[in-house]
Amino acid sequence: MSDVERTGVQLELDGLPVLQARRRARTVALAERAPVARVCIDLPPQHLDRLFEYAVPAAMAETAVPGVRVKVRFGAQDVDAYVIERTEDAEHDGELLPIRRLVSAEPVLTPAVARLARAVADRWAGTLTDVLRLAVPARHARVEAEVETDDAPAVVPAAGGTAWAPYRGGAAFLQHVLAGGAPRAVWTALPGAAGLRWPDAIAQAVAACVLGGRGALVVVPDARDIDRVLAALVDAGIPARRAGGRGGAVRLAADDGPAVRYRAFLAALRGQADVVVGTRASAFAPVRELGLVVCWDDGDSLHAEPRAPYPHVREVLALRSELEGAALLVGGHGRTVEAQALVESGWAHDVSADRPTVRRLTPRVLALTSTELAREGAAAAARLPTPAWRTLRDRLVEGPVLVQVPRAGYVPAVACGRCRASARCGTCHGPLGLSRADGVPTCGWCGRLAADWRCLECGGAALRSVRVGSERTAEELGRAFPGVPVRVSGARAAGGVLATVRDAPALVVATPGAEPVAPGGYAAAILLDAAVSTAGSALGLLPDALRRWLAAAALVRPSSEGGSVLLVGDAEERATQALVRWDPSGLASRELAERAELALPPAVRMAALVGRRDAVLAVVRRVDVPGLDVLGPVPVEQPAPVGALEGDVRAILRVPRGSGAALARSVAASMAVRSARREGGTVRAQLDPADLG
DNA sequence: AGCACGCCGACT
DNA sequence: GTCGGCGTGCTC
């Protein structure tokens, strides 16, 4: 191509209309080297998910580099785009339009992240544009222009891995990371003394990585966990990055606001920070020379991205570790079936403690089921049976006691006092609940008050509680233990989620995931309403219930210090035993075997297609993969899940595990045909759907 | 997505 | 005879 391009008058060719007449003749001097930019256009339709080529004007020869945002003319509109690569020659045979404008000279999309985003789009049958919207934060021009002086001292991490001592393979993992390797580990974390807990273990792994000259990325479920890891990183010699400094860690969370988020993003991009600790979207953070990626508590639903194409942090980081030659650490107190599959396929090492170590570090765990309580007589039926009450009383002398309640609120569900039928809203048939002792029952779906409620089954007018929430529990315990302070922690609690509580006698009532940390460990934990946690038929229900119990139990002192955990209620037997034995991988392994027998994920790969019936059927018909099994479509359950409308159907596509990539490719192709033809309605395609119902 | 072109119904 | 419906096709 010549360095001066004439986008000239297009004459009629045989049979071709004068389509290109609007490309006005204009002379643009082009870049001498690599005058072609291949760009990803920011438009949603699936059939536009490919690169388009534009000419690079000479004025942008040095600035329109891969990764920068540009404006280009696409059809009749000006659209945003990312330069993905620069090449000498165009593949497109036809005139190339010049890039119109450079939005910013900052190459925010690194080649590594661009490759990852492409792989994620392919894996989840989505578009590159959709993934880039998750991966790259909104630009903040003022932050981008901030200049820094270079005066802060460089960061020198400390060597050491004491927090890994309890785990078989832990020291080897760290050694391998330090030496520049890319080991993959699934880790079951245990409780420990201050300085030896999961944030410390992660911090020490990160320190080994940084000491070995590479950057690290830690993704945790929520902001509170970010703070815990950052605090542990300070102890490991990696302080928060200071302006003007080299090295250190930054927090990257969407709810920090655009300026703070973009500043942290730029610090990683520019290599000023070598450690990123963040939530979900930070799985795509542009860490330089990435040596280690960590996914903490991969069973937490916050790791599942709710926006298309619905990627999961664990899987994104697994992909990333392969693409960038980085080590992978997937850890938690529990063990997900998916993580167990990584171990059993031989892809990742199991890093966990042997039985004596587990017994030494964990509290004593007891299950108070109705069989255990049979000899207690009438008191057995109580929500807080006598043995649990005794434990509370005895352990409260030693320090704080944690009470985990599966439900928030006061009385989230009520039933007819006469016939026990669950109380439903007279208008929409949603579930009724109480928010206060003297309150009127309220519908959980439409919010209507049910002042003059009558049972639809028997006409009774009296209500009874069937589920008791954290607020009511706190009230009851306060009465049972007068003089003991009661704290409530939860997203919907008056004081919100508490990060810590003092090492003094107190009753700490928390919903799962909102348990505050007691620096010296809780004296005991009571896990209430165990039956609620394992009721239902959702996939992964048991390992998930165990994960929530273990998260609370892991905050309790070891049995040698009197620490004890009581599970109260008749939960599912295997989950109960797994807690008593503190054996999450055993439960996950059995669950995995069962899934293989029933042809359920992760033994197979699935795609869910949700939308109007004819639209879903059209997409399904074009999917062609060897071994494809089409289930449904069936009407989606009520209330409809997020994004689904009433009357929508869902089809499930199932293929053998090895055909997962082909399934994603075929679904994406069918969705592309759909968008090109503008078939009506909406169809949401989701690979590895979390809620299989 | 947006906009061109192209082929069939009710009207200045 | 035209103006205009929205069904395909294309956009570097």
Side-chain angles (χ1 to χ4, degrees), chain A residues 1-31 34-61 64-103 109 114 118 121 126-133 307-309 611-612 614-615 618-619 621-622 668-685:
Chain A
M1 183 180 297
S2 68
D3 60 344
V4 174
E5 196 63 37
R6 239 172 281 280
T7 307
V9 179
Q10 190 84 21
L11 299 174
E12 286 110 318
L13 299 168
D14 301 322
L16 280 178
V18 200
L19 275 176
Q20 278 134 358
R22 65 189 146 76
R23 287 179 201 167
R24 290 275 70 91
R26 189 170 315 149
T27 305
V28 184
L30 298 185
V36 176
R38 312 193 74 212
V39 311
C40 168
I41 281 176
D42 186 19
L43 289 174
Q46 199 131 15
H47 65 280
L48 296 182
D49 187 25
R50 57 194 184 87
L51 300 185
F52 288 86
E53 292 173 327
Y54 286 83
V56 180
M60 296 182 206
V65 294
V68 301
R69 299 182 221 244
V70 293
K71 282 270 190 206
V72 296
R73 192 86 190 158
F74 185 74
Q77 48 187 330
D78 271 340
V79 295
D80 286 306
Y82 285 100
V83 174
I84 301 298
E85 50 186 351
R86 288 273 299 269
T87 60
E88 270 327 302
D89 301 298
E91 275 174 25
H92 178 68
D93 42 39
E95 303 288 352
L96 300 190
L97 291 176
I99 294 173
R100 293 201 92 185
R101 174 167 89 76
L102 194 74
V103 172
L109 181 62
R118 184 65 260 172
T127 63
L128 181 57
T129 285
D130 275 350
V131 178
L132 293 180
R133 274 199 276 258
R307 290 173 292 169
R612 287 244 331 273
D614 45 356
V619 174
R621 271 195 290 271
R622 286 186 294 261
S670 179
M671 291 289 282
V673 169
R674 172 187 156 67
S675 79
R677 288 191 192 156
R678 267 146 302 185
E679 297 173 352
T682 53
V683 178
R684 194 162 56 102

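Letters A, B, ... are given to chains in the order of the sequence lines, protein chains preceding strands, and every chain is numbered from 1. Predicted, not measured: the structure shown is a model, and the values here were computed from it.
Between A/Asp42 and A/Lys71 no salt bridge is recorded (no basic side-chain N to carboxylate O distance below 4.0 Å). Using a 4.0 Å cut-off between charged side-chain N and carboxylate O, A/Arg612 and A/Glu679 make no salt bridge.
Separating the CZ atom of A/Arg677 from the P atom of C/dG9 is a distance of 9 Å, rounded to the nearest angstrom. A straight line from CD1 of A/Ile99 to P of C/dT11 spans 19 Å, rounded to a whole angstrom. With rounding to whole Å, A/Gln46 atom CD is found 18 Å from C/dC10 atom C1'. In this structure, A/Glu679 atom CD and C/dC6 atom P are separated by 18 Å, rounded to whole Å. Separating the CD atom of A/Glu53 from the P atom of C/dC12 is a distance of 12 Å, rounded to the nearest angstrom.
When all heavy atoms are compared, the tightest approach of A/Pro57 to A/Pro98 is CG-CB, 4.1 Å. Residues A/Leu102 and A/Val70 share a closest heavy-atom pair of CD1-CG1, 3.9 Å.
Distance CZ/A/Arg38 to CZ/A/Phe52: 10.5 Å, rounded to 0.5 Å. Interatomic distance, CG of A/Leu97 versus CZ of A/Arg73, reported as 9.0 Å (0.5 Å rounding).
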List every contact pair, protein side and nucleotides 1-3 of chain B side both N or O, where the distance is under 3.5 Å.
| residue | atom | partner | partner atom | Å |
| --- | --- | --- | --- | --- |
| B/dA1 | N6 | A/His47 | NE2 | 3.1 |
| B/dA1 | N3 | A/Gln77 | NE2 | 3.3 |
| B/dG2 | O4' | A/Gln77 | NE2 | 3.4 |
| B/dG2 | O6 | A/Arg678 | NH1 | 3.4 |
| B/dC3 | N4 | A/Arg678 | NH1 | 2.8 |

